[in-house]
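Below: one structure, written as structure tokens.
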Amino acid sequence: MAPSSVASPLCTWLVAACMSVACEKESSLKSSLTSSQRSLSKWGGRRKKLVSKCIVGGGFGNVDLSKGLISSFYGSSIHSLLTSCLAFEPCEEYYSSKGLSSLLAIFGENGYSIFGSKPISRKQRRMNRAAHSGKTMAVAVQPAKEVTTKKKPFMKQRRVVVTGMGVVTPIGHDPDVFYNNLLEGVSGVTEIEAFDCTQFPTRIAGEIKSFSPDGWVSPKLSKRADKFMLYMLTAGKKALEDGGITEDVMRELDKARCGVLIGSAMGGMKVFNDAIEALRVSYKKMNPFCVPFATTNMGSAILAMDLGWMGPNYSISTACATSNFCILNAANHIIRGEADMMLSGGSDAAIIPIGLGGFVACRALSQRNSDPTKASRPWDINRDGFVMGEGAGVLLLEELEHAKKRGATIYAEFLGGSFTCDAYHMTEPHPDGTGIVLCIEKALAQSGVSREDINYVNAHATSTPAGDLKEFQALTRCFGQNPELRVNSSKSMIGHLLGAAGAVEAVAAIQAIRTGWIHPNINLDNPDDGVDTGVLVGPKKEHLDVKVALSNSFGFGGHNSSILFAPYK
């Protein structure tokens, strides 16, 4: 051990001495130390073995411990005292829990001075507390070993691109099929067939009629897992296949730098509901997997286990803004150098009695049962609520150089995004739309994009009276009268996919960039007052050279999110 080392009890004594000096006048120093020498010598005797253990050569270099150290406390100034105290570096014993706990016991808990059994005065206690919370105590209590800090090397900004997409939606389970149906104005809203809903005032939804996880999910897992998890696993693996991640490529990947961040707003509602019904009979009838399969994070976890990806893995749940939160956070892991590849997005499957009943109870759903395809009508004056949907959307995000090295097809570049909170109401947007405006402005600032560059917005617009108008007003405030700006809502055809909405709509935005076509707004027969139809896409698809696409998602709780995509150049 270095000659400058000293045992932890001696360090504690030195700290106490330093603090006493810092709090008392210099004139009283000699009397305080003289009265304590007798108790100190006894204390030192008991610690003789420990001191000798930590001292090499019997002293501190050429300094006699019994004389040099004590005499330093009789110096002519506080500065010399502090210098002598801090000149010695604590030994390894100090850094153990014993050294620190002894210090705390002496100063804080017992209220007694190290110099003897005399209780500390009230004034001294106040001084000690002040010192404990201030910089002096920080220096004295934590005399850390000298650490040489190296300047972090400059790292060029890592760019994030989209190299794969996967979807499971009411109008298609392939990105191209899905988007072609959007361009043609095909609606996926129909009467619910999964269960008898005659007792409900709403009997329509964007329900997925034909779906099979065969070839994507093991049969054993398919029988046990909730639909939201099956949708997620299928969309995730489809995104990998779409991104050219073959078995050979998978073997070459550094799996410690590949992660999964796919969320869900509602989680495994069907599994949880079935467990409650089983519990009515006996807990023995419950599915032993009901707890893990109901949690929102388990889809990401199972997918990572299946792929062997050991990088960042978790899920975010922010109601209907879930997917955007997941996509932006996944991209940030890549930007910060924590991952090279991330699967990100969202999944939900809440079209079950308890899910439908819950939204009916809060009076949020359309009741246009006689004409399902006309029920979801964003910005139309006759809208009467949103239409539930289900499905999943997953993007394969990748660091640009990593994607180029393996020869991946790059669909678009992720530029950035932002989040804010209305901090106003559980389900209603802020009446002034301030949270939405702030979110969009922060997204532009974070990504370095000017307002004039935004010429396409895939809006959150759910077909609710308040939500549609507030978002449209916010877009008008942010982008003014930009003649190039075009706005549409995918929900007019697929309904509201809850936590999966943002990811599926991000796929639509990326497809618009790829194809140069943006899909129509169907059912916009009578635009609401204050809505500029010159900004909204009409009933037919339109050609547009997308410069930068903005995708908005907002969720119960006042969660706002905006993400930006652009053509890769």
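Any value given below was found using the heavy atoms of this structure, including those in side chains, with hydrogens, waters and symmetry copies removed.
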Report summary line: Residues passing the ring-ring contact (aromatic ring centres under 6.0 Å, His included) test with Tyr456, sequence neighbours excluded, are none
So does [Y] get a backbone contact from the side chain of [X], meaning a donor-acceptor N/O pair under 3.5 Å?
X      : Y      : value
Asn482 : Ile454 : yes
Thr295 : Pro292 : yes
Glu399 : Ile334 : no
Arg257 : Gly337 : yes
Ser489 : Ala461 : yes
Glu207 : Ala194 : yes
Asp348 : Ser264 : no
Ser347 : Phe228 : yes
His173 : Ser210 : yes
Asn488 : Val537 : no

Donor-acceptor side-chain pairing of [X] and [Y] below 3.5 angstrom:
X      : Y      : result
Asn523 : Ser492 : no
Asp432 : Gln473 : no
Ser315 : Asn297 : no
Ser212 : Asp214 : yes
Asp422 : Asn560 : yes

Centroid separation under 6.0 Å, is that true for the rings of [Y] and [X]?
X      : Y      : result
His425 : Phe556 : no
Phe272 : Phe293 : no
Phe359 : Phe386 : yes

I need the full list of salt bridge (charged side-chain N to carboxylate O under 4.0 Å, His left out) pairs touching [range], with sequence neighbours left out, sorted by first then second residue.
range            : answer
residues 443-463 : Glu441-Arg451
residues 313-329 : none
residues 559-569 : none
residues 466-483 : Arg383-Asp468

Considering only heavy atoms from C-beta outward, does the side chain of [X] approach that of [Y] to under 4.5 Å?
X      : Y      : value
Phe565 : Leu395 : yes
Ile510 : Val507 : no
Ile302 : Met298 : yes
Thr462 : Phe554 : no

Qualifying residues under salt bridge (Lys or Arg N to Asp or Glu O under 4.0 Å), relative to [X], sequence neighbours excluded:
X      : result
Asp242 : none
Lys237 : Asp306
Lys220 : none
Lys547 : Glu484

Donor-acceptor contacts under 3.5 Å from residues 247-254 side chains, at least two apart:
unit_1, atom_1, unit_2, atom_2, d
Asp248, OD1, Arg251, NH2, 2.2
Asp254, OD1, Ala256, N, 3.2

So, for [X] and [Y], which heavy atoms are closest and what is the spacing to 0.1 Å?
X      : Y      : result
Ala350 : Met266 : CB-CG, 4.0 Å
Ala403 : Thr163 : CB-CG2, 3.9 Å
Thr420 : Cys439 : OG1-CB, 3.3 Å
Arg514 : Tyr411 : NE-CD2, 3.5 Å
Pro213 : Ser222 : CG-OG, 3.6 Å
Gly391 : Ile208 : CA-CD1, 3.8 Å

Query raised in the report: Between Lys255 and Trp309, is NZ or CZ placed under 6.0 angstrom from the six-membered ring centre and within 45° of the ring axis?
Result: no
**Report entry** Candidate pair Leu240 and Leu396, rule side-chain contact (heavy atoms from CB on, under 4.5 Å), full reasoning
**Finding:** CA-CA 7 Å; Leu240 287 177; Leu396 177 61; 4.1 Å; yes
Query raised in the report: Residues two or more places apart in sequence or in another chain: which of them pass side-chain hydrogen bond (donor to acceptor under 3.5 Å, both in side chains) with Ser463?
Result: none
All N/O donor-acceptor pairs, side-chain side in residues 493-506, below 3.5 Å, sequence neighbours left out:
unit_1, atom_1, unit_2, atom_2, d
His496, ND1, Leu498, N, 3.2
Glu505, OE1, Lys491, NZ, 3.3
Glu505, OE2, Lys491, NZ, 2.6

Query raised in the report: Is the shortest side-chain N to carboxylate O distance from Glu401 to Arg159 below 4.0 Å?
Result: no
Requested in this report: Please assess Leu400 against Ile410 for the test side-chain contact (heavy atoms from CB on, under 4.5 Å), listing each intermediate value before the final yes or no.
Outcome: CA-CA 9 Å; Leu400 175 60; Ile410 298 174; 3.7 Å; yes
**Report entry** Mutual orientation of the aromatic rings belonging to Tyr424 and His430 [parallel < 30°, tilted 30-60°, perpendicular > 60°]
**Finding:** tilted
Query raised in the report: For atom NZ of Lys405, is the number of surrounding heavy atoms from other residues, nucleotides or ligands below 6.0 Å larger than 12?
Result: no
Query raised in the report: Can you tell me if CD1 on Ile354 sees more than 12 non-hydrogen neighbours from other groups inside 6.0 Å?
Result: no
